[in-house]
Amino acid sequence: MSSKREDYLSWDEFFIGISKLAAGRSKDPNTQVGACIVGSDNRILSIGYNGAPNNFKDDKFPWEREGDEIHTKYAYVCHAELNAILNYPGSRKDLVGATIYVDLFPCNECAKAIIQSGISNVVYLSDKYDGTPLNTASKRLFDECGVKYKSLNKKYQRVLRLSLKPDEKIEYIEED
């Protein structure tokens, strides 16, 4: 009798992996972010990525980061967290107590949407804007409203090679 595999993905790794895969749908040339909302029963409720609103033609979308505000992406882009919340087809009450997995720590606007939706946990990979005023506001909002947040522990971060070819397994790549 063989023993079970020991190198399988943890739930956190699995769901952050789903969010990273969703980020691959973003057409933003600079920043690709994905989000995955998961219920307390470890079932995926919704997925989102940063991009243009529905029916806004991507080829007409300004993807620039600098310049006149109306000609940059910031006036138009929907963040991954907001898209995941808005993509959820069920009742808002089903999001209460859920966890959202994201590549990048949520901005203050997404923090408000997360709080209002009833999501109670945030798991993230990067906090590259840590210490900036709006990042501080996000954390203050979460702290005041009881939303827990944590970085995916470094021991759970590993590189995977995912092939979309039939019969190829996930490959775990060792980093130095």
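Keep in mind it's a predicted model, so treat the numbers as computed, not measured.
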Measure the acute angle between the ring planes of F15 and W11, then classify it against the limits of 30° and 60° as parallel, tilted or perpendicular.
parallel
Can you tell me how far CG of L104 sits from CG of D127, rounded to the nearest 0.5 angstrom?
7.5 Å
Test side chain to side chain donor-acceptor pair (under 3.5 Å) on N121 and Y149 and set out the steps.
CA-CA 6 Å; N121 299 289; Y149 51 93; over 6 Å; no
Taking S46 for the side chain and A84 for the main chain, is one N or O donor matched with an acceptor at less than 3.5 Å?
yes
Count I, L, V, M, F, W, Y as connected when their side-chain heavy atoms are under 4.5 Å apart, and connections chain through other members. Are V77 and V33 then in the same cluster?
no
Can you tell me how far apart CG (D94) and CD1 (I37) are? Round to the nearest 0.5 Å.
11.5 Å
Out of the candidates F142, Y129, F105, Y101, only one should pair with Y124 under the ring pair (Phe, Tyr, Trp, His ring centres under 6.0 Å) rule; please name it.
F105
Answer whether the closest heavy-atom distance between the side chains of I119 and T99 falls below 4.5 Å.
no
Quick check against the 3.5 Å criterion: does N108 have a side-chain atom that pairs as donor or acceptor with the backbone of A137?
no
Quick one: NZ on K148 to CG on D143, what's the gap to the nearest 0.5 Å?
10.5 Å
Any link between V122 and L82 through a network of hydrophobic side chains (Ile, Leu, Val, Met, Phe, Trp, Tyr) touching at under 4.5 Å?
no
Residues that D28 engages under side-chain hydrogen bond (donor to acceptor under 3.5 Å, both in side chains), provided they are two or more places apart
K73
Are a donor atom and an acceptor atom from the side chains of S26 and N50 found within less than 3.5 Å of each other?
yes
